[in-house]
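Only one structure is covered here, and it is reproduced in the block below.
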Amino acid sequence: MCGIVAYVGHRQAYQVIINGLKRLEYRGYDSAGIALLNGGLNVYKKKGKVADLEASLKNEGHLNSHIGIGHTRWATHGEPNDTNAHPHYSANKNMAIIHNGIIENYASLKQDLISKGHTFQSETDSEVFIHLIEHIKDYEKCSLDEAVRLAMTQVVGAYAIVVISKEDSTQLVAARKGSPLVVGVGEGEYFLASDATPIVEYTKKVVYLNDHEVVVIRGGELHIRTVEDLPITPYIQTLDMELTQIEKGGYKHFMLKEIFEQPKSLRDSMRGRINADKNHLVLGGLIEYQQRLMNAQRIVIVGCGTSWHAGLVAEYLFEEFARIPVEVEYASEFRYRNPVINENDIVIAISQSGETADTLAAIELAKSKGAIIFGVCNVVGSSIPRATHSGAYIHAGPEIGVASTKAFTGQVTVLAMMALIIGRAKGTITESKFQEMITELSSIPDKVEHILKTTDEQVRYIAEEFKDAKNFLYLGRGYNFPVALEGALKLKEISYIHAEGYPAAEMKHGPIALIDEQMPVVFIAPKDSSYEKIVSNIQEIKARKGRIIAVVTEGDTEISRLSEFTINVPQIHEAFSPILTVVPLQLLSYHVAVSLGKDVDQPRNLAKAVTVE
Ligand code: F6R
């Protein structure tokens, strides 16, 4: 939540920062702002999107500068308005700050600073940070980087900050604790950003900062020190990201592009890991911990939102193939209980962004109790993969649309691979079953491609038909119960239509009272072991005049007779069916939202990386 970007070098900072903010806008879009050293230290900020800021500066003639900082906000403290927008000045206006995160003790710090004569313009916690830095700098008569370092010892909470100061037009000082920050290292230029997307078009050399580190860029040199003032040698990595991956590439929305990218992202998630012809399946990150996984008494899966839904699918997968009991927990609940976890437990943390605050906190808690933590993440170099003992990336490529799509299918694919590897090693599945399953897994990208080709138009038609519905129900059983939850979440978040997912058999215990001729009910009903049962559930809805849309296996005639619309997906082993059945539901939510004129990629109130709890 909140995106920050900063630049110093030979280019026009304004353009680099505006472009960068547009790339980071998925992290928040309540307001945007920029500060430049152009004669003085000038801050320009505006409620609304980056495009609104840009439009407001169209006739501003003095944006010439080679150094600047910028911010796109997801509001936490203080409503979204021009005043609460970042950057924030220090009291003497000689410095300005951008901040992503939350300062938990800002109220007491603010009170203390007020008693020392400071006055504040905004309601934000971030403004307190720069006033604190200013106070320390004046009181201790120290350098800016020293003041930042000392301020870090007083501030409680999460932050990635960058400070710009009038005193040196070659200097940016940044720090991180709990919120992501990447340094881009170019030829005589430096970039700082919440993730690598604003950087990749200029340089592929990056340094991912660790918590409690302070970065000083001054006079063309980069220095990193710890909060204890120890020097760190920057570890420069090469980005495995292309510019085309973070552009829309002809699609109207990132979400649609990402839905259509799934055949590729799924191939990428399996590349070098599965070879069905050779009966080969390996996940590098699993090798060291395979014995621990095999001997695990229990697996606890933590995640949020869509990642939690992928965890629910994994529960079925691990219990079926590896015969290990699984519990799936919302990270936000897990972290505030006193969960019973010990060194015989394996915790799997699932996260697309790798930055979700609750998931990170759940990891730290489980680690403190001695569990081995395995991460299943998408964003390379993000905080969760670095906090875990080991893990496997899903290699879905950047996911920019706020609604998660290709990450879900990638997560389920990687978790399926894990379950099969452990099952094979434990002997809980036979060699022939293993061979059959990896052949099935390998067939998925082609099948997803087929679904995209054959269902998109039909789903668009269905969306038009149902777009004015006030409520939707999504029902599934077994492996497809989590898909019902995921389908409902997708619809809610981008179309703002109320939707609920349920296990189909639970209908009779209450929700069936909602059914009337206005209620669209989406059944996820492929030919699997609960097929006959779900046909009965469909009958029950039909008898009460609900409007039935069903995702079925190609060739199904029985459900077609009962439903107003059926959407076909190819035959696949039921364990992997969520990777297929979710695709038409992603398309359905997309087309409903588009036909309602909603902002698909940036739905209201949401942000992609939830770095606050
Ligand atoms: C839904 C969605 C969110 C995320 C959740 C977890 O489309 O995007 O529900 O799934 O915020 O995020 P990650 O996976 O980044 O931890």
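As the structure lists them, so they are numbered: ligands from 1, and atoms in each ligand from 1.
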Test Y289 against H389 for side chain to side chain donor-acceptor pair (under 3.5 Å), laying out the working first. CA-CA 9 Å; Y289 291 96; H389 293 101; 5.4 Å; no
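- For atom 7 (O) of ligand 1, the closest non-hydrogen atom on the protein side is E493 OE2, 2.5 Å.
- Taking the side chain as every heavy atom from C-beta outward, N480 and P526 approach each other to under 4.5 Å.
- Remark: R335 does not engage E329 in a salt bridge, criterion side-chain N to carboxylate O under 4.0 Å.
- Protein heavy atom nearest atom 12 (O) of ligand 1, with residue, atom name and distance: T356 OG1, 3.5 Å.
- In T359, neither the side chain nor the backbone holds a heavy atom less than 4.0 Å from any atom of ligand 1.
- Salt-bridge annotation for E261 and K257: present, with a side-chain N of the basic residue lying under 4.0 Å from a carboxylate O of the acidic one.
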Contacts under 3.5 angstrom, residues 395-403 side chains, donor-acceptor by atom type, not counting sequence neighbours:
residue : atom : partner : partner atom : Å
E399    : OE1  : S404    : OG           : 2.9
E399    : OE1  : K608    : NZ           : 2.7
E399    : OE2  : S404    : OG           : 3.4
E399    : OE2  : T405    : N            : 2.8
E399    : OE2  : K406    : N            : 3.2
E399    : OE2  : A407    : N            : 3.0

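- Near K490, the atoms of ligand 1 lying under 4.0 angstrom from a non-hydrogen atom of the residue are 1 (C), 7 (O).
- Protein heavy atom at the shortest distance from atom 11 (O) of ligand 1 is V610 CG2, 3.8 Å.
- Side chain of N100 to backbone of A160: no donor-acceptor contact under 3.5 angstrom is found.
- Remark: ligand 1 and A403 share no N or O pair separated by less than 3.5 Å (distance only, no angle test).
- Closest heavy-atom approach to atom 6 (C) of ligand 1 among the candidates A357, S351, C304: C304.
- Residues L24 and I4 fail the side-chain proximity criterion, which asks for heavy atoms closer than 4.5 Å.
- In the vicinity of S307, heavy-atom distances shorter than 4.0 Å reach the ligand 1 atoms 10 (O), 13 (P), 14 (O).
- With hydrogens left out, the protein atom closest to atom 4 (C) of ligand 1 is T306 N, 4.0 Å, a heavy atom.
- Residue contacts with ligand 1: Q411 is placed with no nitrogen or oxygen under 3.5 Å of a nitrogen or oxygen of the ligand (distance criterion only).
- Interface of Q352 with ligand 1, defined as ligand atoms under 4.0 Å from a residue heavy atom, comprises 13 (P), 14 (O), 15 (O), 16 (O).
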